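Per chain, numbering begins at 1; letters A, B, ... match sequence-line order. Note that the structure is predicted; figures quoted are calculated from it, not measured.
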2 protein chains.
Amino acid sequence: MIAPNTARPSDSSAPFFTVEAELPGRLGRAGTIRTPHGDIHTPAFIPVGTQATVKAVLPEAMRELGAQAILANAYHLYLQPGPDIVAEAGGLGAFMNWPGPTFTDSGGFQVLSLGAGFRKVLAMDTERVQADDIIAEGKERLAAVDDDGVTFRSHLDGSTHRFTPEVSIGIQHRLGADIIFAFDELTTLVNTRGYQEQSVRRTHAWALRCLAEHRRLADAAAADKPRQALFGVVQGAQYEDLRRQAARGLAELDFDGFGIGGALEKQNLATIVGWVCSELPADKPRHMLGISEPDDLFAAVAAGADTFDCVSPSRVARNAAVYSATGRYNITNARYRRDFNPIDAECGCYTCAHYTRAYLHHLFKAKELLSATLCTIHNERFIVRLVDQIRAAIRAGEFDELRAHVLGRYYARSSAQRDERAEKCE
Amino acid sequence: MIAPNTARPSDSSAPFFTVEAELPGRLGRAGTIRTPHGDIHTPAFIPVGTQATVKAVLPEAMRELGAQAILANAYHLYLQPGPDIVAEAGGLGAFMNWPGPTFTDSGGFQVLSLGAGFRKVLAMDTERVQADDIIAEGKERLAAVDDDGVTFRSHLDGSTHRFTPEVSIGIQHRLGADIIFAFDELTTLVNTRGYQEQSVRRTHAWALRCLAEHRRLADAAAADKPRQALFGVVQGAQYEDLRRQAARGLAELDFDGFGIGGALEKQNLATIVGWVCSELPADKPRHMLGISEPDDLFAAVAAGADTFDCVSPSRVARNAAVYSATGRYNITNARYRRDFNPIDAECGCYTCAHYTRAYLHHLFKAKELLSATLCTIHNERFIVRLVDQIRAAIRAGEFDELRAHVLGRYYARSSAQRDERAEKCE
């Protein structure tokens, strides 16, 4: 069951990122990111393995379904098992038996969202008035931001911890992922304009500190420790001037690439990514944090984003929601009880090659763990393949044709499915 | 990740079972069972996939770890998804993507144990006085036995159902496993001698009805439906005369093999299996239901049993208990937090080849589903390999040497582990 490792160490003299094809008249492109654990052909969807495992799926199955890299989370791995244990294991990839490229998120999102009480706000509830102290009803805000860092309480046991830019980079160096992110402040759409301005200044100051700590640790590291690439994260919410200012500020610094994070509404995604990418240098890769909806992926690629991550394909799979060329549906629906077709007749994934809807329906009804495994394999394959198709279409000059064809079919079926699209990738 | 299917249809002219080596002076032997979905080299441990899935493990991984066959349960599959759906899928193996041989248990054990209220009694609580109406405190007995069959309530929703010999065989024909079992009455060690006598007579009468229904359905089946083998089940609790009488009675009938079931205490296992096997014809295989402890496996093989099934390797794995050559231990123990050795340095399973105790410890602490997958793969491999070694030792004339070596190491470590052995495989 062990697939051959197709990743290979890159030629160390080759550039970290090269653009190999472009969307005429737009910022979108196809290229290659080179890491010590192998190349990533972009645009690429990066499946999430938050706690050093893609939930319910073995790493060989992730490789087989086409995953080029895995993104884990510094916040979760800091709390459990702790970064020293991952370091002692030889780093994130060795710890989890994933020989390919790895990313870690900085923890900036998680320290401010998990348990912090404003998840409702992150779900883009813009009907509410703007305010800086909104927390979800019945929740205690568990995080406090100051100019030096964030004090937060663990979502596991309520214990108090503190992340600063230096702490986050220190953790990410011990985790040892190929691509790591600067520690940023997450704001929400209900924060005031004044707070967003202050936050962008703070995130910029933290970016400088992250770079300095990154250089210091890299200089002090053993000569054989693989080089880690550090991405700065562009915040600025829905404000064009703040987003452009944040991007310009980071563009001048010595980052290897950039993340695009923070609060934005779905309908503004392409616009905001476009503002940011038009300010960023063309020769560095751009990672869009937390999207996987097909229309969002096309929009973000066209606007200049190169890589993406999201927990949704795996999370919805565990709740029996599966993707198909004609939209998403729930396999526990009674109509699939004796349906002996695969999830998606057009899909060649392991699950669709070997299992019927009736069997998957049965596994969910019987509360069997294999339901999560099989549906996650399918959903991750679906999104990875979609982004692979987008990459091929850019190279072939057929991006718009692919977009019209794929989205026309995916969203045609029902308004019920359009409602599902409102779900935000957390 | 898809391993090649090494099973192959047997030559239909070859006998169902052949004995190829024997333990001198004892009833133990090595041989081959031939089924329409491939051969089973005996002695063999048959992993359990109760609901048409080995919990948390893909079938290719079961094949890779050496499983020769999978045993599912007629009771569970009758309730969910229903035997007609499995039949429509092409039978149990096709439904669950397992191309090799399959077994189904008759449901006799489950209708009388699941929800029936006497699980405590099944756990061999022989301190209590004998009585026929004992039920666990606070439980309502959910099953009623009469001479025609058993009326029981579903452990899922409390709905009322009835199994008779004909119903069980009908279900098992629709499930389509290669080896199926006659419907028997499960008794417990606290039933009176009088009840055990009555029960053995009843199970014999049911055996005749199972055979008749099996022949009727086989004659009526499509010509291309693979032939199913029917095993009679020997009951009789701890009574030598009843066990011998039951075995002799079934031996005269046209069964393809035999199951050894029912209530027995661990210290009497070898004795009881010996009584039964000395009455059964040597040219038919004998399946011992529900054992997987190393000492029990050696004892049962020496006494003449050929195949075994048990949920324990998988069930204890999900609770973080893992087997090693020097005994069973719990991977969540703090001492394994930063232990970068495999579960068992002598094991070559997928899990031991690729993962450390520290990683598995982390997966359990982080409540990750992959913990169940990886530890089940290891535990199933451990027991499958042990029985493979027993088979090789019989052929090589080294059974007693292997037994002394394996059990001496496995049980030497601590009395705490000996306590764990008391756990009964349900």
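- Of residues 357-365 of chain A, those residues with a non-hydrogen atom less than 4.5 Å from any non-hydrogen atom of chain B are, in numerical order, A/Ala358, A/Tyr359, A/His362, A/Leu363, A/Lys365.
- Residues meeting the ring pair (Phe, Tyr, Trp, His ring centres under 6.0 Å) test with B/Phe103, sequence neighbours left out: B/His287.
- The part of A/Tyr355 that comes within reach of chain B is its side chain, from C-beta onward, which places non-hydrogen atoms under 4.5 angstrom from that chain.
- Of the residues considered (A/Val57, A/Leu156, A/Thr356), A/Val57 shows the highest number of contacts with chain B, using heavy-atom pairs under 4.5 Å.
- The greatest number of non-hydrogen atom pairs below 4.5 Å with chain B, out of A/Glu88, A/Arg318, A/Lys55, is found for A/Glu88.
- Among residues two or more places apart in sequence or in another chain, the ring pair (Phe, Tyr, Trp, His ring centres under 6.0 Å) test is passed with A/Tyr323 by A/Phe382.
- Of residues 331-348 of chain A, those residues lying under 4.5 Å from chain B by any heavy-atom pair are A/Arg337, A/Arg338, A/Phe340.
- For A/Ala372, the part sitting under 4.5 Å from any heavy atom of chain B is the side chain, from C-beta outward, and nothing else.
- Here the CD-CD distance, from B/Glu60 to A/Glu60, works out to 13.0 Å after rounding to the nearest 0.5 Å.
- Contact of A/Leu77 with chain B is made through the side chain alone, with heavy-atom distances under 4.5 Å.
- Here the OG1 atom belonging to A/Thr351 is positioned 9.5 Å from the CG atom belonging to B/Asn97, to the nearest 0.5 angstrom.
- At a 4.5 Å heavy-atom cutoff, the contact between A/Gln51 and chain B is made by backbone and side-chain atoms alike.
- Ranked by heavy-atom pairs shorter than 4.5 Å toward chain B, the options A/Val86, A/Leu369, A/Leu374, A/Leu370 are led by A/Leu370.
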